[in-house]
Amino acid sequence: MSPAARYYITTAIAYANNRPGLHTLFEVIGADVIARWHRMKGDETRFLTGTDEHSVNIAQRAAELGKEPLEFANENVALFRGAEDALLISPDRFIRTIDPDHVKAVQEMVRRAHANGDIYVGTYEGWYCPAEGFKAPSDVVETSGVTRCPNHPTVTLEWLSEHNWFFRLSAYQERLERHFEEHPEFAQPDYRRNEMLGFIRGGLEDFSISRAVGTWGIPFPIMPDGSSSQRADGSWDPDAGTVYVWYDALINYVTGAGFPDDPAGFAHWWPADLHVIGKDIARFHTIYWPAMLWSAGLEAPRHVWIHGFLLTQGERMSKSLGNFLDPIDVVRALGADGARYVTLREVAFDKDTEVSWDSFVRRYNADLANDFGNLLNRTISMANRYFDGERPAVGPDAGLARVWGEALASYQDRLAGCLLHDALCALWDVVGAANRLVDAEQPWTLAKAMKAGDEAAGVKLRAVLGDLVEACRLISLAVAPFMPTAAPRALTQLGYAYPYGPDGNGGPALADELRWGAHAGEAGRLATAEPLFPRLETEAATPAAG
RNA sequence: GGCUGGGUAGCUCAGUGGCAGAGCAAGCGGCUCAUAAUCGCUAGGUCGUUGGUUCAAAUCCAACCCCAGCUACCA
């Protein structure tokens with residue numbers, strides 16, 4: 001836990017074929033929180049997220065719309081970036097698989113695998129949809145003995161075989177098994193790790209990494225005879241084909257660290273500390289990816305965290321089912337801070353969770369408007385009224401301070417363990433304790449006694465409100481990774497300068513700021529109380545139709 | 001089919017041998033600083049089913065019924 005630690009965190013790159021739903025951005029919000037937490041702690045932090053833009057599917061969809069693939073991808077990427085901006089996502093780089101340095105990184109990874117003897121030309125067989133491309137067995141449907149593509153039911157599928165490059169995953173079975181055993185923290189949560197380990201033990205087959213058809217992809221850099229596919233004029237021989245799926249998408253993580261043209265940067269940032277991904281791509285990240293890295297002489301990432309999905313009425317949220325929440329709607333209703341908080345408080349970060357618009361509004365009102373927002377508001381209002389805006393200092397009673405200490409320890413542990421929903425739960429114990437303290441001490445009663453000349457009541461009142469102000473300061477700061485604009489607004493109302501930048505960089509070490517009474521000796525003036533989280537009427541908060 | 005996780009209050013979920021819990025929603029009361037907020041109290045469950053082990057089972061064992069995941073090339 002050195003204060004100058006570096007922390008490199010990534011999300012999966014999103015397939016840029018449509019506008020994003022909240023279920024897609026869920027992991028980006030979570031990773032953003034973890035990144036901000038590390039920035040505020042003082043770690044040198046790099047947060048990478050972006051989009052996956054190659055594939056015949058994208059080219060096909062673009063063609064249907066009468067567009068070039070790049071034009072289509074640009075439009076969708078703009079939708080992703082717009083939604084991420086609305087959610088205050090703070091990537092240090094937004095990577096696209098069309099970025100020139102990514103193309104170079106992919107080709108270099110292929111060359112290294114080739115130099116290491118890990119790729120070879122083999123035969124790939126499968127169903128081929130003339131309108132779309134190769135289809136996986138799980139992506140075709142068989143009706144009365146005829147196999148069809150669900151996207152193009154009138155098109156006759158062909159059984160094709162083509163010569164493709166294969167990656168020798170089978171050569172890495174023992175090493176992968178050993179890696180899982182020696183590093184149980186590598187793939188988490190445990191039940192996901194066990195699934196992956198079971199898969200490895202069941203035997204690993206090689207997988208194809210190139211496609212002969214399709215031009216919307218990264219040129220494969222090697223000809224079947226092993227020579228370079230780059231021609232004298234710098235262009236690539238189309239006969240070499242394109243890089244297929246995982247040898248394109250996964251490599252964004254090393255591109256984003258500086259591979260291969262920035263060796264110093266890459267040495268600094270790699271291996272990544274954490275890949276945050278969904279359960280659907282766990283195998284590719286925890287099995288394919290380490291083997292690909294080892295083949296290139298690189299280290300595996302330190303941790304892969306596998307999260308679950310958002311469900312509505314038992315079904316996975318998805319764009320094809322049309323049962324997804326639009327992140328823009330959620331931000332419009334709850335605000336960016338509210339959308340982030342509610343999403344990560346309602347949805348467990350380690351498993352599937354049932355969600356609904358009503359549950360989001362209920363959670364917003366209960367936790368933010370009623371509990372936390374009202375605590376801030378009543379605290380600031382009373383302190384202003386009873387002490388003419390002078391900020392009271394913490395008192396000698398350690399009651400709330402002790403609650404704070406326990407909650408903070410729990411909060412930190414759960415954040416470190418990627419249990420973001422439980423982390424917030426720990427913090428809200430302090431909100432509850434502070435609200436109960438108000439009722440127990442009845443500051444308004446003390447204020448009347450003080451006005452009547454009771455000096456002891458005045459001292460007590462100052463201490464109680466000082467403790468409440470301090471609890472508000474600490475909770476606001478600690479929750480800042482989740483609610484990055486509410487935190488500075490709260491601190492301003494409490495009469496403190498907010499020392500961190502918009503992305504969480506630049507301030508003092510958070511551990512120092514989160515000590516109870518860290519600013520006890522400093523005078524300050526409270527600002528006028530203004531509700532941070534206006535209460536929502538359920539009817540008024542319905543998302544726009546469509 | 002095999003393996004894994006789950007089935008507990010109206011809802012979302014904790015709880016791995018010792019008197020069934022939390023939050024939200026509901027009802028009642030208190031308070032008045034506050035965003036019709038807050039604080040307290042109450043109600044609400046055959047712990048999927050059936051057997052078994054045990055002084056004692058939500059918890060351990062067996063069988064069965066549901067739901068979800070994994071069981072290789074979709075981003």
Answer with base, sugar-phosphate or nothing: what part of the nucleic acid does G198(A) contact at a heavy-atom distance below 4.0 Å?
nothing
Across all chains, not counting sequence neighbours, the side-chain contact (heavy atoms from CB on, under 4.5 Å) partners of D99(A) are R93(A), I95(A), R96(A), D101(A), H102(A)
Counting any heavy atom closer than 4.0 Å, what does L532(A) reach on the DNA or RNA strands: base, sugar-phosphate only, or nothing?
base
C1' gap between A56(B) and G29(B), integer Å:
39 Å
Shortest non-hydrogen contact from A333(A) to W357(A)?
CB-CZ2, 3.7 Å
Checking all strands, does L204(A) fall into the base, sugar-phosphate, or nothing category for heavy-atom contacts under 4.0 angstrom?
base
Neighbours of RNA chain B within residues 242-251 of chain A, by heavy-atom distance under 4.0 Å
Y244(A), V245(A)
side-chain contact (heavy atoms from CB on, under 4.5 Å) against A16(A), all qualifying residues, sequence neighbours excluded
T51(A), E53(A), N76(A), V77(A)
Mind checking side-chain hydrogen bond (donor to acceptor under 3.5 Å, both in side chains) for K448(A) and listing every partner two or more places apart, or none if nothing turns up?
none
Under 4.0 angstrom, heavy atoms only, what part of the nucleic acid is P443(A) near: base, sugar-phosphate, or nothing?
nothing
Hey, which sits more toward the 5' end of RNA chain B by its nearest nucleotide, Y386(A) or L169(A)?
Y386(A)
Starting at the 5' end of nucleotides 37-44 of chain B, put B wherever the base has a protein heavy atom under 4.0 Å, S where only the sugar-phosphate does, and a dash everywhere else.
SSSS----
Looking across every strand, which nucleic acid part, if any, lies under 4.0 Å from G203(A) by heavy atom: base, sugar-phosphate, or nothing?
base
What integer number of Å spans the P atoms of C60(B) and C41(B)?
33 Å
Does W444(A) lie flat on the base of C33(B), that is, centres under 5.5 Å apart and planes under 30° off?
yes
Name the orientation class of the two ring planes belonging to W216(A) and H54(A) (parallel below 30°, tilted from 30 to 60°, perpendicular beyond 60°).
perpendicular
Nucleotide N/O to protein N/O under 3.5 Å, stretch nucleotides 2-13 of chain B:
none

Distance between the C1' atoms of C3(B) and C47(B), in whole angstroms?
26 Å
Sequence neighbours excluded, the answer for salt bridge (Lys or Arg N to Asp or Glu O under 4.0 Å) partners of R61(A) is E64(A)
Taking only side-chain N and O atoms of R363(A), does any of them lie within less than 4.0 angstrom of OP1 or OP2 on G23(B)?
no
Show me the side-chain donor-acceptor pairs of residues 429-440 of chain A shorter than 3.5 Å, one per line, residues at least two apart or across chains.
from    : atom 1 : to      : atom 2 : distance (Å)
N435(A) : OD1    : R378(A) : NH1    : 2.8
N435(A) : ND2    : D371(A) : O      : 3.3

Output all residues satisfying side-chain hydrogen bond (donor to acceptor under 3.5 Å, both in side chains) with K460(A), sequence neighbours left out; order by chain, then residue number.
none
Can you list everything that forms a side-chain contact (heavy atoms from CB on, under 4.5 Å) with M196(A)? Sequence neighbours excluded, please.
F180(A), A282(A), R283(A), T286(A), I287(A)
Residues two or more places apart in sequence or in another chain: which of them pass side-chain contact (heavy atoms from CB on, under 4.5 Å) with E68(A)?
E71(A)
Excluding sequence neighbours, so at least two apart, what forms side-chain hydrogen bond (donor to acceptor under 3.5 Å, both in side chains) with R489(A)?
none
